[in-house]
Amino acid sequence: MKYKLEAKNIDVFYGKLKALNNINIGITENAVTGLIGPSGCGKSTFLRLFNRMNDYIDSFKLNGDIYIDNTNIYDKSVLVDELRKNVGMVFQKPNPFPKSIFDNVAYGLKIQGINDKAFIKTRVKDALKQAALWEEVKDDLGKSALALSGGQQQRVCIARALAVEPSIILMDEPTSALDPIATAKVEKLILTLKEKYTIIIVTHNMQQAGRISDYTAFFYMGDLIEFDKTDTIFTNPKMERTENYITGRFG
Amino acid sequence: MKYKLEAKNIDVFYGKLKALNNINIGITENAVTGLIGPSGCGKSTFLRLFNRMNDYIDSFKLNGDIYIDNTNIYDKSVLVDELRKNVGMVFQKPNPFPKSIFDNVAYGLKIQGINDKAFIKTRVKDALKQAALWEEVKDDLGKSALALSGGQQQRVCIARALAVEPSIILMDEPTSALDPIATAKVEKLILTLKEKYTIIIVTHNMQQAGRISDYTAFFYMGDLIEFDKTDTIFTNPKMERTENYITGRFG
Amino acid sequence: SSNSNNTNNSSALSGDIKIDGSSTVYPVTEAVAEEFRVVAPNVRVTVGVSGTGGGFQKFSRGETNISNASRPIKDKEAKVCDENNISYLELSVAYDGLAVIINPENDWVDYLTVDELSKIWHPDAQNNIKYWSQIREGWPNEEIHLFGPGTASGTYDYFAEVICGKKVGTRGDYTASEDDHVLVQGVATDKYGLGFFGLAYYEENKEKLKLVGVDNGSGSVLPSMQTVSSRTYAPLSRPIFIYANNSAKEREEVKEFISFYLKNAKNLVADVGYIPLTDEEYGFEIEKFNEFIK
Amino acid sequence: MTNGEKNRLKDSIFKYIGVFACSIGLILLAIFIGNIIYDGFNRIDWSFLTSLPSRKAEKAGILTAWSGSLWIVIFTFIIAVPIGISAGVYLEEYNRKNKLTRLLEINISNLAGVPSIIYGLLGLEIFVRLSNLGSSVLAGSFTLALLILPIIIVATREALKAVPSSIRAASFGLGATKWQTTWYQVLPAASGGILTGVILAISRAVGETAPLIVVGALAYVPFTPKGPMDEFTVLPIQIFNWVSRPQHEFAINAAAAIIILLAITFTMNGIAVYFRNKWQKKINW
Amino acid sequence: MQKIKEKIIEFILRATALITILTTIGIIWVLLSESLVFFKEVSIIDFLTDTQWTPLFANKHFGILPLISGTILTTIIAISVSLPIGLTIAIYLSEYAPKKLKKFIKPLLEILAAVPTVVYGFFALMVVTPFLQKLIPEMAGFNSLSAGIVMGIMIIPFISSLSEDALSAVPKSLREASYGMGATKLQTSFKVMIPAASSGIIVSVILAFSRAIGETMIVAIAAGQQPRLTLNPLVPVETITAYIVQVSLGDVQHDSLEYRTIFAAGITLFVFTFILNNISFWIRKKFREEYD
Ligand SMILES: Nc1ncnc2c1ncn2[C@@H]1O[C@H](COP(=O)(O)OP(=O)(O)OP(=O)(O)O)[C@@H](O)[C@H]1O
Ligand SMILES: Nc1ncnc2c1ncn2[C@@H]1O[C@H](COP(=O)(O)OP(=O)(O)OP(=O)(O)O)[C@@H](O)[C@H]1O
Ligand SMILES: [Mg+2]
Ligand SMILES: [Mg+2]
């Protein structure tokens, strides 16, 4: 297969609610894929399939297969923790640990059994820089991450995901709590990262999707309405719904 | 005084950190005032002064006075709960109660001692409609609000604040988790609301600030750099910093 | 016919009788209360088990009518009764035989003299008498393990007094338990064990234990219904008591209850595993009581 | 072995340790209950439940004991649960964090360690004598209530602490008063942990012997309590009494009585467990 | 109006909280009034330094140390049984076990706390001790080891249930954050969940500890009643509680020096737990992690 990630005949249920309906999609390596669509359409649900994060929701049920590098990640033999080391995630609501900023970012390294302090320090610093937070916190890395502003918390979470250098990064509205400058930095970061990583990002910001994503998928009420190169989606969408949504003429 | 809300010589500390520095501002009735500025500059802190929400943070310390309708709301005689009935708030991170959608929205009415079921129902419905959520949840108002998508949760919180019809509404990035359509609806709502209410809104979205706010205050590292009519701020800012920030040429 | 007459009288009685005190005496009093209900169903007799000391404390404050006691009242307790204008009467109601017990596998002990018991249990024995061989020539050179009731019990007090002497006490390095089952278990599983406890516990666990005769100078005697009751098994059988207060004089139902107690004790006591007094002795107690309520 | 493999190995080992630990608990429980049921189950019949105590083991019943226990449990529950929860709420939600709180906090966990018999001595002085309640159900219940208060208070506090403060912020933000916030939001969200405390506390109260004996609970009482001011006995006293009789038949009675005692506790706990499951299901932050 | 209502409610709540203070005052009063008389007759120095406790024997010694050592010994054994088992169960139930299993196991284990302690006492004496004696032949028939182990079993639910509650109250988002980094359940439990729930877990341990310290029947039956200054778990010991119950329900005359010893012992236990609680409070304050 030519895709890094692939979703085949995906149906997702939360109890009786069908949250995703027969989704088929292939995600290209070293590219940014944006997921857009109205709130509640299933973007987060879809994104969280790739690191099996939905497994913890009781009512969750999945039909279909998800492949990463041609392996079905819902196969019994798959090691979920290895999978997740490879697939980093930034969540929709900032969720820093009730620990210091440093410990938050170093967490992923520690659980991999890395003890080299100097190495950890460098990684933490790099990650915080990439997440555009270093300048603000460098003097007080021991401060509790919970005593940060909303946007700062989100950037801690981004740094935390970057520190372990996964090969795939899932981002659920990573910049929604950020100001334009921080947003611009993160966007720049994403563009740098895609040279080495495969990135899937959920965003509500059409401009952002336009700016950074190579491919864009438009979801609507659990259906994948359209999926294509971002240029095509934004300039020449096949479906009327997509056009309406993108131009804001919707609903 | 001519202002609905007024902040005089405000200093705020979190422990040793000075989060706000000598802020003086007057907020006009029946208008939308936008607060902008980079992440961590003190917008949320400032916003939360008006309903005394910072009181619960242990390390918080305030110098200066905040007036609403010429009453100092930090005065001993002020009833904080009455104050808050009058000053509604939507928080930065969605924080629905672990209850059904209906109970979430009806809560504010319930605590005011309103028992009329029919009345509560109408209000809940109206509030959910205003928050652009009604269509998505009308069939299952008994569903736990925690089982909603991030954007849906935020709209529940907006509906919850609207249901009690306060005269002042504080919104901390109310639309950051929303898709463009929901955002547009909420923005429209804000514009309708301002005919009766006074609204203060924190936003990272310059376009949004430009679209909806009558006045805009730009904060930077705890200082109020500039405060003026939105038109003036966006077209003819006095300070270079403001201009840089608004045009994204910052940092 | 006089009996049925009595019953008729009693059934007309009513009121509350409160009894508290020793848990050793409790089974006897419970048995009496149970039977008394048949003749006087409207009298509410209640029995507590807060210990002889706790019982006397309540008794001396006038909170109970009758106190169960496994030892005679002490001076201080008597004084409080006086202070509170409570006159009282001590009545013996049964004997509690103390059995000296060894493990069935123990084949060297045939009997023990009071002196030998004293040698084993005397406070001076602590850290000195450790081996069976020290007690009598020819007994094995093995550690002796002792079991007995807790020091806060009337049983212990009595044993210490008759074996080691008044105000001497016993050695402290023995395994004590308030619960005689525990002692049974202790001796039953320990070949070199020796213990003493209520005779009834031996009776119920005969197959696990071996009874030791006690020689007080006039030959070895094994405890039994007869030897205890006739006091030939001495000195290890002790009387247990109830104490009655003034209400026995003033209140018909209390008076009736105690008379009933003394008249019927003989059968009931045996029922619950204690040993009754002799008929003369009961007669004597009844007389004492009649004197008291005059 | 790579670190990942090590971690997974540790993880699955721990899982088995967990299963093992649960099994230990359950097996021991099975042994206890199995033993008791084996000894006593056949002894339970209608007349055992409806007869008065007797010197004859085969005639003896536990009517007064189980009805006394029921009275005591219910009254203890009625007294201790509201007081315990409300004290917990006060300390966690209302009280400013200062030296006094600290003292109170230490004091309460201290009370949890006071031997039950000391509570008996306290109850005897305060409820039986000073308050003139006599050796009544009420005096016994008050005594046990004091005994289990610390458990309920401490569990309540912890459960309240675990409720995210964003919930309080949301409620306060709507103009709810402290009490409304507590009552409508915080307490329901904390109900699971609170009920666990209640379960453990009630379990403790049901099984207590010594303090009630000191307070003056009886061993032989030929009538069931008709009201809170009546005298009473409870199952543990009856059990204790029977256990310390020499005759083996009483041991069987005791086993049968233990089954009934466990049944009472289980029913009380069952109600609490039902509500705990019901309320906790909704709350999943 | 609302304000008055709030005030009244706060007043009531405060009043209930003050009940605990009153209880403490009551207990201190009960203990102190008698033990003051006691300490008039017995020097407090002897009381704290003498190594023998024989108030009911003819040769009286009033050294509380043997009772304290017995109490500490049994409590420590109990905690070393219940803490690892209880905590493991709590983690297993909150992180590993299927929800249905948890719903079923948790209340079952809670019955362990409801079994009358007399039953436990005999279990320790008749089952656990003989079993252990097969492994350790020199073990005495009465010993703190069996009593402590069985007491530990009894308090398992205090730790397992209360800690489980604390763990499941940690916001789901934290767990997700950790899993999202590729942490195993074990790592998530120990690095994120336990620290976040530490306050509740420590409290559960304190309650269990208190329960063990205050427990009477098990030790009275299975540990023997020999006050002995030792930390050897294989020999008979007596705890403060066992002593108190033995004397207060025994035949000893009230209003006597012998009887007053229980109050002196009681107040010692009170002071002892007070010190322990102060230490644990301090530890808790140090390690507390806030989350939201
Ligand atoms: N509870 C707290 N304790 C200590 N410091 C805090 C706390 N909350 C915020 N701060 C600090 O105060 C400053 C202002 O925070 P505030 O939340 O007001 O920022 P903001 O402008 O709302 O940022 P954002 O756009 O990221 O939400 C920041 O430096 C932040 O780290
Ligand atoms: N835990 C859950 N249990 C039940 N239903 C859920 C749960 N989480 C989400 N849903 C429902 O599934 C649907 C898709 O939710 P999802 O979170 O994927 O939306 P989304 O596209 O990410 O929206 P948003 O932009 O608002 O975050 C919604 O209707 C939502 O109500
Ligand atoms: Mg989402
Ligand atoms: Mg903010």
Side-chain angles (χ1 to χ4, degrees), chain D residues 7-8 10-11 14-15 17-18 21-22 24-25 28-29 32 83 86-87 89-91 94 106-115 117-118 121-122 125-126 146 151 154-155 158 161-162 164-166 177 179 192-193 196 199-200 203 207 210 213 236 239-240 243 258 265 269 273 277 284-285, chain E residues 2 6 9-10 13-14 16-17 19-20 23-24 26-27 30 85 88-89 92 96 103 105 107-119 153 156 158 161-162 165-166 169 171-172 184-187 199-200 203 206-207 210 213-214 216 241 244-245 248-249 266 273-274 277-278 281 292:
Chain D
N7 288 332
R8 274 191 301 280
K10 282 187 205 158
D11 193 52
F14 185 85
K15 184 173 174 180
I17 296 178
C22 287
I24 292 183
L28 285 167
L29 186 70
F32 288 135
I83 293 181
S86 97
V89 166
Y90 177 77
L91 294 174
Y94 281 77
I106 292 174
N107 174 40
I108 288 168
S109 23
N110 221 20
L111 285 177
V114 172
I117 193 139
I118 303 277
L121 294 167
L122 180 71
E125 289 303 330
I126 292 189
L146 290 188
I151 302 177
V154 169
E158 280 316 310
K161 243 183 226 165
S165 59
S166 62
T177 60
W179 175 244
T196 301
I199 289 170
L200 292 171
S203 300
I213 293 183
I239 291 165
F240 190 61
V243 165
I258 290 169
T265 320
N269 286 359
V273 169
N277 287 342
N284 197 358
W285 306 117
Chain E
Q2 191 70 36
E6 287 285 318
I9 288 172
E10 180 165 353
L13 294 176
R14 186 187 301 127
T16 58
I19 286 177
T20 61
T23 312
T24 312
I27 285 173
V30 164
I85 297 185
T88 308
I89 293 178
Y92 175 74
Y96 290 82
K103 256 191 207 165
I105 289 184
L108 268 187
L109 288 175
E110 278 157 0
I111 307 180
L112 282 174
V115 175
T117 50
V118 194
V119 180
I153 295 167
I156 284 175
F158 276 76
S161 284
L162 288 172
D165 283 340
K172 188 172 69 180
T184 61
K185 287 182 175 177
L186 188 67
Q187 288 173 321
S199 167
V203 157
I206 290 174
L207 271 188
S210 309
I213 287 183
T216 316
T241 50
I244 293 177
V245 79
S248 60
L249 296 183
T273 49
F274 188 76
N277 280 317
N278 265 296
F281 187 91
D292 193 3

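Both backbone and side-chain heavy atoms feed into the values below; hydrogens, waters and symmetry mates do not. A note on names: the letters A, B, ... follow the listed sequences, proteins ahead of strands, and every chain is numbered from 1.
Closest of all the heavy-atom pairs between D/L122 and E/G26 is CD1-C, 3.3 Å. Residues D/A112 and E/L207 approach most closely at CB-CD2, 3.8 Å, considering heavy atoms. Shortest non-hydrogen contact noted between E/Y92 and D/C22 is CD2-SG, 3.6 Å.
Taking E/F281 as the reference, nothing meets the ring pair (Phe, Tyr, Trp, His ring centres under 6.0 Å) condition, with sequence neighbours excluded. Scanning for side-chain hydrogen bond (donor to acceptor under 3.5 Å, both in side chains) contacts around E/T117 gives an empty result, with sequence neighbours left out.
Within the 4.5 angstrom heavy-atom criterion, atoms from both the backbone and the side chain of E/S161 approach chain D. With a threshold of 4.5 angstrom between heavy atoms, E/L249 approaches chain D through side-chain atoms but not through N, CA, C or O. With a 4.5 Å cut-off on non-hydrogen atoms, E/Y96 touches chain D through its side chain but not through its backbone. Contacts between E/L162 and chain D at a heavy-atom distance below 4.5 Å involve backbone atoms as well as side-chain atoms. For D/I17, the parts sitting under 4.5 Å from any heavy atom of chain E are the backbone and the side chain alike. Looking at E/L112, the atoms closer than 4.5 Å to chain D (heavy atoms on both sides) sit in the backbone and in the side chain alike.
For chain D, the option among E/R14, E/K185, E/Q187 with the highest count of heavy-atom pairs below 4.5 Å is E/R14. Residue with the most contacts toward chain D among E/V245, E/T216, E/T24, E/I156: E/T24 (heavy-atom pairs, distance under 4.5 Å). For the set E/T23, E/V30, E/V118, the count of heavy-atom pairs under 4.5 angstrom toward chain D peaks at E/T23. The choice from D/I199, D/V243, D/T177, D/L146 that makes the most heavy-atom pairs within less than 4.5 Å of chain E is D/T177. Chosen from E/I85, E/I9, E/T241, the residue pairing most often with chain D at heavy-atom distances under 4.5 Å is E/I9. The candidate with the highest count of non-hydrogen atom pairs below 4.5 Å against chain E, out of D/N107, D/T265, D/V114, is D/N107. When the candidates D/I117, D/N269, D/I213 are compared by the number of heavy-atom contacts under 4.5 Å with chain E, D/I117 comes out ahead. The choice from D/G25, D/G193, D/S203 that makes the most heavy-atom pairs within less than 4.5 Å of chain E is D/S203. Contact count against chain E (heavy-atom pairs under 4.5 Å) is highest for D/I108 among D/V89, D/L91, D/I239, D/I108. Heavy-atom pairs under 4.5 Å with chain E peak, among D/I126, D/I118, D/L111, D/V273, at D/L111.
Going from atom CZ of D/F32 over to atom CD1 of E/I111 covers 12.0 Å, rounded to the nearest 0.5 Å. From D/Y90, atom OH reaches atom CD1 of E/I19 across 13.5 Å, with rounding to the nearest 0.5 Å. A distance of 11.0 Å separates CG in E/L109 from CD1 in D/I24, rounded to the nearest 0.5 Å.
Between the side chains of E/D165 and D/T196, at least one donor N or O lies within less than 3.5 Å of an accepting N or O.
Annotation: side chain of E/N277 is in contact with side chain of E/I206 (closest heavy-atom distance under 4.5 Å).
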